[in-house]
Amino acid sequence: MKNSTPEQIEAMLERILPRVTKPGRYTGGEYNQVVKDWAEIDYKVALAFPDIYDLGMSNLGLMIMYDLINKHRNLLAERTYCPWEDMEAVMRERDLPLFSLETKHPIRDFDMLAISLPYEQLFTNALNLIDLAGMPVRAEDRDASYPLVIAGGHACYNPEPMSPFIDVFVIGEGEEAILKIIGVMRAAAHLDRETQLRYIAQIEGCYVPRFYDVTYHDNGAVKSITPNMPEAPAKVLKTIVPVLPPPVTKFIIPFVELVHNRAPVEIMRGCTRGCRFCHAGMVTRPVRERPVEEVLTAMEQILESTGYEEIALLSLSSSDYTNVLELTEKIGQRFGHLGLNISLPSLRIESVSTQLMDNLGDQRRGGFTLAPEAATEKMRNIINKYVTHEELLETAREIYRRDWRSIKLYFMIGHPMETMEDVQAIADLARQVLAEGRKFHNNKASVNVGVSTFIPKPQTPFQWEPMDEVENVYAKIDLLRNEMRGSGLKLRWNEPKESLFEGFLSRGDRRMGEVIELAWRKGAKFDAWHEHYMEDAWQEALDEVGLEPRFYTHRRRTIDEIFPWEHIDIAVTKKFLTQDYLMSQGQETRVDCRNQCFACGILPKLKDLRRETEDEAWECPPVPTRPHHKLRQKPVPEVEGIPLTVIR
């Protein structure tokens, strides 16, 4: 695509925006956006969410980075998203490059393109975004004249499928890492790209895929993953922030309605429950909680700077937040007169108390959501999410008693040890919950059941397991459809073939990159959108590359197999994951690790961080300070004698 100035892009947008749907996706100019003097800024970052504005604007991770970078006087961050099909067609027709919303500069003019990858269905969109920016999609074809392309997010804990396209993956939490990368790039701006990357590879949590070679056994399994540069560590340990940074409060107010039209406040990061299927729960350890007063202050600032009427208190398990009762009570006292809708998602059945329900008593605009995940004692033991049948019914009873009329229940099907009797139990349980609701609300009570297909995600105890056969999953869905007919019951399910697609992408190795690129060139994009998923394009790409998706999705792994993500260290040891997997085979459970430490690996691998952090900041036990202990000094690479702590 030709070089364009912001003025030329602005002029072209005036002509083409009346021709596309929701032009507010592309105009910028929203309240609370940050616009800096381009000529006065030393380093410029384009933050990209590879889907449309309506989805990307709700992404908290991107907004954290936007807020963080723009707080620095000599840095700027601007946003870009994937255009919808009609806008993309016009852009390609008019040779209009992808641009930032704030100043309409082409993405090619930025120093860094930072892409958020929270889930695998965004992979082809990421390639499309790079291509629309007028850049080669493969990292090896981009020299130092192009923006450095980095990626972070939960889909990067197995970075291998996207490794041909990304210069640097940030493994873990990016708040500190991105500033260190910027520091390296500013000091090393005069050097070639490979040399720049050799410095970045020394930063904690930074994975540079070109510095690793992968070999395979004859059967296709990974044989070895070996660094080919001395700066590249054999294992890339994730990076974390020991204490949660101040929450974002000046959210940009969108011009179009978003999928999640609310202001999020992260109250806790990490989870101690140890659900064996839960990727997020494993990779975000340790648990760090935000103080109650900090949450309340953030809410006040959000109300002052935005017009939001709903605030979501986010975490993986909100009712496990130590001070959840104090927080919800004080929210009622301080904000109850404003009529706000305070959502507290991800509630655990066994930790939802009657007092918590009473504190949330005025928040009845939607249903009350619970995620038992399984309906039999056997399956709950296998997945380590044990709650008794009576506990669930008692919780439902108390919810309905407090005038909620709808309960949403989420379940997982497709685990290899699941039987049709376990699936039948889901329908039976839903009817029992509905019966509790009708005691209070007659026919106005309802139960909505959501069912997702089990995917054995990387970095979890179930990474050794195979997925269920697709025909078996369809049979289980058919059973539920037949058993859950009638008023008051509603069933939703994920398309099993799309879960299979997510499975081979999330479990893929480096060879999957060629499949992703081929599928994209055949037209695949917006794969997370049911109506846009092109199964034929993906199958053709797999056939041309010679890969069989069942090799990744339906093959039980041996305990000693080397995974494609073996060199990515989440600080939870493979020994712990192996032990937990074997416990699942025997239906053995672990209690919440707040109550008992199971030596998962977090403390030995992050012991210095733990030692230097206040005891109450983590849910992991404190590490005693050694005599004459010196604060850990993280090594910072130097470029030709210039220390890279230059962010001001």
Side-chain angles (χ1 to χ4, degrees), residues 30-33 57-60 63-64 67 244-269 289-349 351-370 395-408 437 440-441 444-446 448 616:
E30 309 101 320
Y31 186 68
N32 284 339
Q33 75 166 14
M57 277 286 288
S58 299
N59 183 260
L60 179 59
M63 290 309 302
I64 288 173
D67 183 66
L244 296 184
V248 179
T249 57
K250 291 191 70 173
F251 289 96
I252 298 171
I253 308 304
F255 281 151
V256 301
E257 186 174 355
L258 305 184
V259 173
H260 297 295
N261 198 23
R262 63 193 185 190
V265 178
E266 186 181 26
I267 62 173
M268 180 174 74
R269 190 174 294 181
E289 297 188 347
R290 197 181 296 284
V292 168
E293 195 54 42
E294 189 174 321
V295 176
L296 296 171
T297 300
M299 291 179 62
E300 289 178 345
Q301 293 172 354
I302 288 170
L303 294 176
E304 290 175 3
S305 61
T306 75
Y308 280 115
E309 296 180 349
E310 178 176 351
I311 294 179
L313 306 178
L314 299 186
S315 75
L316 291 175
S317 183
S318 299
S319 50
D320 287 340
Y321 175 68
T322 302
N323 298 308
V324 67
L325 295 178
E326 178 189 354
L327 175 61
T328 51
E329 184 175 353
K330 288 186 175 179
I331 286 174
Q333 294 169 354
R334 195 172 301 189
F335 305 106
H337 65 287
L338 298 177
L340 296 176
N341 186 20
I342 308 298
S343 60
L344 197 69
S346 305
L347 298 175
R348 297 277 308 197
I349 293 165
S351 54
V352 175
S353 67
T354 55
Q355 185 179 344
L356 178 58
M357 293 182 208
D358 289 337
N359 290 352
L360 294 172
D362 293 331
Q363 312 303 323
R364 300 192 184 97
R365 299 182 189 180
F368 205 106
T369 302
L370 300 171
T395 300
R397 195 175 302 127
E398 295 301 326
I399 291 169
Y400 284 123
R401 187 192 307 277
R402 283 159 175 78
D403 211 27
W404 273 280
R405 298 185 179 185
S406 176
I407 292 180
K408 299 175 186 176
F440 300 95
H441 307 296
K444 292 182 179 180
S446 65
N448 297 327
E616 63 273 11

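Reckoned from all heavy atoms, side chains included, excluding hydrogens, waters and symmetry mates.
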Shortest non-hydrogen pair, F440 vs R397, comes out as CE1-O, 3.8 Å
Taking L325's backbone N and O only, do any of them form a donor-acceptor pair with T328's side chain (distance below 3.5 Å, no angle check)? yes
Close side-chain approach of F335 to I311, heavy-atom, < 4.5 Å: no
Can you list everything that forms a side chain to side chain donor-acceptor pair (under 3.5 Å) with T322? Sequence neighbours excluded, please. E289, R594
Residue pairs involving residues 318-327 (criterion salt bridge (charged side-chain N to carboxylate O under 4.0 Å, His left out); sequence neighbours excluded): R273-D320, E326-K330
Going by the rule side chain to side chain donor-acceptor pair (under 3.5 Å), which residues pair with S319 if we only count those two or more places apart in sequence or in a different chain? S351
Between N32 (side chain only) and T306 (backbone N and O only), is there a donor and an acceptor less than 3.5 Å apart? no
Can you tell if the side chain of I331 reaches within under 4.5 Å of the side chain of L340, non-hydrogen atoms only? no
For a quick test of your reading: what N or O donor-acceptor pairs under 3.5 Å do the side chains of residues 245-260 make, sequence neighbours left out?
none

For S318, the side chain to side chain donor-acceptor pair (under 3.5 Å) test, sequence neighbours excluded, returns S315
Using side-chain contact (heavy atoms from CB on, under 4.5 Å) as the criterion, list what pairs up with L316, not counting sequence neighbours. C271, A280, T284
For E300, what residues pass the salt bridge (Lys or Arg N to Asp or Glu O under 4.0 Å) criterion, not counting sequence neighbours? R334
Contacts of S446 meeting side chain to side chain donor-acceptor pair (under 3.5 Å) (sequence neighbours excluded), chain-then-number -> S406
Checking R262 now: which residues fulfil salt bridge (Lys or Arg N to Asp or Glu O under 4.0 Å) with it, not counting sequence neighbours? none
Option passing side-chain contact (heavy atoms from CB on, under 4.5 Å) with V265 (candidates L314, I342, V295): V295
All salt bridge (Lys or Arg N to Asp or Glu O under 4.0 Å) counterparts of E398, not counting sequence neighbours: R401, R402
